[in-house]
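The structure appears below as structure tokens.
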Amino acid sequence: RQAVALDQPLSGPPPLADGVSRCLATGQPVTLRHRLDSTEGDEAVWLESRLHPELETGETPAGVLGIVADVTKDVLAASAVEKREQQLRSVFDNLADPIVVADEQGLVRIVNDAFCSLSGYERSDIVGSAIDTIVPTDFPGTHHDFIEAYRHSGRGRFIGQGPREVALRTRSGDTVPVELAISESRVENEFRFIAAMRDLRERKAAEERQRQLQKMEALGQLTGGIAH
């Protein structure tokens, strides 16, 4: 961290020069981050400059006091976290199964693309809404009740109990049969409940076709027996 006194705008780098000019023009403190590229091929350095006007007489600044700190490690660490979050988000969004993440208040925090496709909801429609809005329609009580019970006892009727078949309410008001499994995790000491779903419509349709086929076979056998 280094303090420098400036009595006139700098010739560079441009962000710092602009900041000094703004500080002199407004008489107000200015904080900015800027990248300083090396002329010798070394890695760039990120600096945070806090500029304060020096008021001697009147309201017109006589100069600027700049406190400059090397924040390269902070910037690189934040960039690495952001990149990892983007990678995880990409994986999350490309999962084939619909996923909903709710907080301990029972509010939807994250959904993936598969959920939006299945339910007909846009993210902006559902994020921040109560989980009871969407899943499921056939549980007694509310998800908020289940979550409160789990927070106080560490046990839940449905959380961590394996998949079960429920009805998902879509944006249109229709219901879709899904297999639902709910797990729990913690983010910064707060509960997050992860609901993973699997669309059962194709399985249900296949089961129904199988039942119809078995009925037809049974009817054919009965008809053949009568004919003989």
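Smallest separation of non-hydrogen atoms from Asp103 and Phe193: O-CD1, 3.8 Å. Across all non-hydrogen atoms, the minimal contact from Ala114 to Ala96 is CB-O, 3.5 Å. Shortest non-hydrogen contact noted between Val64 and Cys23 is CG2-SG, 4.0 Å. Nearest heavy-atom pair, Leu180 versus Ala195, reported as atom, atom and distance to 0.1 Å: CD1-CB, 3.7 Å.
A heavy-atom distance below 4.5 Å is not found between the side chains of Thr170 and Thr175. The shortest distance between side-chain heavy atoms of Arg201 and Pro177 falls below 4.5 Å. Looking only at side-chain heavy atoms (C-beta outward), Val101 and Val108 stay at 4.5 Å or farther from each other. Under the 4.5 Å side-chain criterion, counting only non-hydrogen atoms from C-beta, Glu165 is in contact with Leu200. Proximity of Gln86 to Arg89: side-chain heavy atoms (C-beta onward) are nowhere separated by under 4.5 Å. In this structure the side chain of Ile194 reaches within 4.5 angstrom of the side chain of Ser185, judged on heavy atoms. Counting heavy atoms from C-beta on, the side chains of Arg50 and Thr31 come closer than 4.5 Å. For the pair Leu118 and Val178, the minimum side-chain heavy-atom distance is below 4.5 Å.
Here salt bridge (Lys or Arg N to Asp or Glu O under 4.0 Å) pairs that include residues 73-83, with residues two or more places apart or in two chains, number zero.
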Quiz prompt | Worked check of side-chain contact (heavy atoms from CB on, under 4.5 Å) between Ile134 and Leu168 | solution = CA-CA 6 Å; Ile134 52 173; Leu168 169 70; 4.2 Å; yes
Quiz item: So Arg192 and Glu190, salt bridge (Lys or Arg N to Asp or Glu O under 4.0 Å) or not? Walk me through it.
Solution: CA-CA 7 Å; Arg192 290 291 186 269; Glu190 293 186 0; 3.5 Å; yes
Quiz item: Taking it one step at a time, do Phe92 and Ile110 satisfy side-chain contact (heavy atoms from CB on, under 4.5 Å)?
Solution: CA-CA 10 Å; Phe92 180 74; Ile110 307 173; 3.3 Å; yes
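For Asn94 (side chain) and Ser90 (main-chain N/O), a donor-acceptor pair under 3.5 Å exists by modelled atom type. Put simply, the side chain of Arg169 gets close to the backbone of Thr133: a donor and an acceptor are under 3.5 Å apart. Side-chain N or O atoms of Arg22 include none that pairs as donor or acceptor with a backbone N or O of Pro29 at under 3.5 Å. Checking side-chain atoms of Glu104 against main-chain N and O of Phe191 turns up a donor-acceptor pair under 3.5 Å. Under the 3.5 Å distance criterion, the side-chain polar atoms of Ser49 are left unmatched by any main-chain donor or acceptor of Val68.
When each of Met197, Glu179, Arg198 is tested with Asp97 by the rule side chain to side chain contact (heavy atoms under 4.5 Å, CB included), just one qualifies, namely Arg198.
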Report all side-chain donor-acceptor pairs from residues 119-131 shorter than 3.5 Å, counting only partners two or more places apart or in another chain.
{"from": "Ser119", "atom 1": "OG", "to": "Phe115", "atom 2": "O", "distance (Å)": "2.9"}
{"from": "Ser119", "atom 1": "OG", "to": "Tyr121", "atom 2": "N", "distance (Å)": "3.2"}
{"from": "Arg123", "atom 1": "NE", "to": "Val111", "atom 2": "O", "distance (Å)": "3.2"}
{"from": "Arg123", "atom 1": "NH1", "to": "Asp113", "atom 2": "OD1", "distance (Å)": "3.0"}
{"from": "Arg123", "atom 1": "NH2", "to": "Asp93", "atom 2": "OD1", "distance (Å)": "2.7"}
{"from": "Arg123", "atom 1": "NH2", "to": "Val111", "atom 2": "O", "distance (Å)": "3.3"}
{"from": "Arg123", "atom 1": "NH2", "to": "Asp113", "atom 2": "OD1", "distance (Å)": "2.8"}
{"from": "Asp125", "atom 1": "OD2", "to": "Glu122", "atom 2": "N", "distance (Å)": "3.1"}
{"from": "Asp125", "atom 1": "OD2", "to": "Arg171", "atom 2": "NH1", "distance (Å)": "3.0"}
{"from": "Ser129", "atom 1": "OG", "to": "Asp125", "atom 2": "O", "distance (Å)": "3.4"}
{"from": "Ser129", "atom 1": "OG", "to": "Ile126", "atom 2": "O", "distance (Å)": "3.3"}

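Residues Ile99 and Val166 do not share a hydrophobic cluster, defined by chaining ILVMFWY side chains whose heavy atoms lie under 4.5 Å apart.
Heavy-atom neighbours of Glu202 CD from other residues, nucleotides or ligands within 6.0 Å: at or below the threshold of 12. Around atom CZ of Arg211, more than 12 heavy atoms belonging to other residues, nucleotides or ligands sit under 6.0 Å away.
Rounding to the nearest 0.5 Å gives a distance of 9.5 Å between OG1 of Thr72 and CZ of Arg33.
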